[in-house]
Q: 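Structure below; questions to follow.
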Amino acid sequence: MIDVKMIDPTDIPVEAELDPLPRFRLTRTLVLVGLMGAGKTSVGKRLASQLAVPFTDFDNEIVAAAGMSIPEIFSTLGEPAFRDGERRVIARLLTEAPRVLATGGGAFIEATTRDAIAAGSSTSIWIRASLDLLWDRVRDRPGRPLLATANPRQVLGDLLDRRYPVYGLADIVVDSRRNTSQDAMARVIIEAVRAHDAANPDQPPALEAMP
Ligand code: S3P
């Protein structure tokens with residue numbers, strides 16, 4: 001673990017005070033990990049837009065590959081089949097051109113997928129959030145089979161307890177805060193990636209500043 005790994009959005013000045021963003025070339029895929037409701041998709045879209053690179057949402061990819069919705073995959077094929085598909089889809093996406101990739105909440109928990117992310121040309125970023133914040137974001141949004149239970153908040157809390165130590169293996173951690181906009185979070189991630197690149201000169205940088 002390195003010092004720059006923990007970046008708090010409150011350490012980054014508000015948008016109005018930020019210097020204009022330099023133009024970058026993205027050389028490694030930025031893989032967003034974290035629990036349901038962390039903002040992987042919403043922040044990921046803003047991040048890709050700020051960097052002018054493609055954005056891919058894993059959940060959309062597996063739905064397209066399976067030809068059915070995520071709840072249907074869970075109910076007709078079962079969670080093990082979903083996880084198998086998840087491994088294969090992420091492995092394929094990691095071979096594609098550098099982009100912002102929002103994973104599903106369980107992807108980084110699978111050792112095979114985690115190893116593929118670590119071994120490939122990618123940088124992993126955990127968007128960490130409190131249970132209260134996650135719950136507020138997912139409570140009225142159906143479509144997440146793991147939360148289709150009698151006590152979804154409890155399930156989310158149990159997942160948080162089990163998964164947070166594993167998400168902590170990501171290259172970078174950023175904290176999601178209630179009053180931070182998606183654009184500001186995206187900018188926080190860019191600054192965190194730049195700091196991570198600078199702290200790891202032995203690795204090719206994810207973001208190369210362009211003249
Ligand atoms: C899951 C998270 C979901 C989706 C599936 C399983 C998980 O993605 O992949 O319902 O295991 O946490 P989001 O994190 O995008 O909601």
Side-chain angles (χ1 to χ4, degrees), residues 29-49 54-94 99-117 122 124-170 172-178 182 185-186 189:
T29 287
L30 301 180
V31 182
L32 303 181
V33 308
L35 214 48
M36 295 171 270
K40 303 180 294 288
T41 299
S42 54
V43 173
K45 282 182 185 163
R46 301 309 310 148
L47 179 60
S49 157
F55 170 74
T56 301
D57 184 46
F58 157 78
D59 287 342
N60 292 343
E61 294 291 312
I62 195 155
V63 165
M68 55 181 118
S69 70
I70 291 179
E72 282 167 349
I73 302 173
F74 271 72
S75 63
T76 58
L77 305 176
E79 184 171 348
F82 175 83
R83 298 296 171 202
D84 192 42
E86 183 172 60
R87 275 190 291 276
R88 284 185 280 119
V89 168
I90 301 247
R92 167 175 61 79
L93 293 171
L94 290 174
R99 66 196 53 216
V100 174
L101 170 60
T103 61
F108 199 69
I109 306 305
E110 298 283 310
T112 317
T113 296
R114 207 164 54 244
D115 290 349
I117 291 169
S122 51
S124 51
I125 299 136
W126 173 23
I127 305 180
R128 183 170 55 185
S130 68
L131 179 58
D132 281 346
L133 184 52
L134 295 169
W135 175 241
D136 283 352
R137 289 182 184 155
V138 300
R139 59 190 305 165
D140 296 322
R141 300 245 178 111
R144 290 182 165 112
L146 294 182
L147 301 182
T149 65
N151 193 344
R153 194 182 197 283
Q154 175 74 45
V155 170
L156 194 61
D158 292 346
L159 285 171
L160 186 148
D161 289 342
R162 284 209 307 276
R163 290 180 173 180
Y164 271 26
V166 184
Y167 292 143
L169 300 171
I172 294 168
V173 184
V174 295
D175 275 315
S176 176
R177 300 250 189 262
R178 203 172 282 279
Q182 291 160 1
M185 275 303 294
I189 291 174

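Along the sequence shown, residues carry numbers from 1. Only heavy atoms go into these numbers, but all of them, side chains included; no hydrogens, no water, no symmetry mates. Counting starts at 1 for both ligands and their atoms, following the listed order.
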Q: Is the count of non-hydrogen atoms from other residues, nucleotides or ligands lying under 6.0 Å from Arg141 atom CZ greater than 12?
A: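 Incorrect, the count does not exceed 12.
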Q: What protein heavy atom lies closest to atom 14 (O) of ligand 1? Include the residue and the distance to one decimal.
A: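 Answer, as residue, atom name and distance: Lys40 NZ, 2.7 Å.
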Q: For atom 1 (C) of ligand 1, which of the options Pro71, Gly39, Gly105, Gly143 provides the nearest non-hydrogen atom?
A: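 Nearest option to atom 1 (C) of ligand 1, by heavy atoms: Gly105.
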Q: Where does the angle between the aromatic ring planes of Phe74 and Phe82 fall among parallel (under 30°), tilted (30 to 60°) and perpendicular (over 60°)?
A: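 Ring orientation of Phe74 relative to Phe82: tilted.
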Q: Should Arg83 be listed as contacting ligand 1, given a heavy-atom distance under 4.0 Å as the test?
A: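 Contact present.
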Q: Using a 4.0 Å heavy-atom cut-off, which part of Leu146 comes near ligand 1: side chain, backbone, both, or neither?
A: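 Side chain only; the backbone of Leu146 stays clear of ligand 1.
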Q: Name the closest protein heavy atom to atom 9 (O) of ligand 1, giving the residue it belongs to and the distance to 0.1 Å.
A: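 Looking only at protein heavy atoms, the one closest to atom 9 (O) of ligand 1 is Asp59 OD1, 2.9 Å.
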Q: Do Trp126 and Tyr164 have ring centres separated by under 6.0 Å?
A: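 Between Trp126 and Tyr164, the centre distance is under 6.0 Å.
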Q: Any side-chain donor-acceptor pair under 3.5 Å between Thr56 and Arg99?
A: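 Yes, side-chain donor-acceptor contact under 3.5 Å.
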Q: So, Thr112 and Arg83: side-chain donor and acceptor under 3.5 Å apart, yes or no?
A: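 No, no side-chain donor-acceptor contact under 3.5 Å.
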Q: Within a distance under 4.0 Å of any heavy atom of Ile70, pick out the atoms of ligand 1 and give their elements.
A: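 Result: 5 (C), 10 (O).
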Q: Near Pro145, which atoms of ligand 1 are under 4.0 Å from a heavy atom of that residue?
A: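 With Pro145 as reference, the close atoms of ligand 1 come out as 10 (O).
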Q: For Ser176, run the side chain to side chain donor-acceptor pair (under 3.5 Å) check against Gln182, Arg128, Arg137 and tell me which one passes.
A: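 When Gln182, Arg128, Arg137 are each tested with Ser176, the side chain to side chain donor-acceptor pair (under 3.5 Å) holds only for Arg137.
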Q: Considering Arg144, Arg141, Arg137, Arg163 one by one, which has a heavy atom nearer to atom 12 (O) of ligand 1 than any of the others?
A: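 When every heavy atom of Arg144, Arg141, Arg137, Arg163 is considered, Arg163 comes closest to atom 12 (O) of ligand 1.
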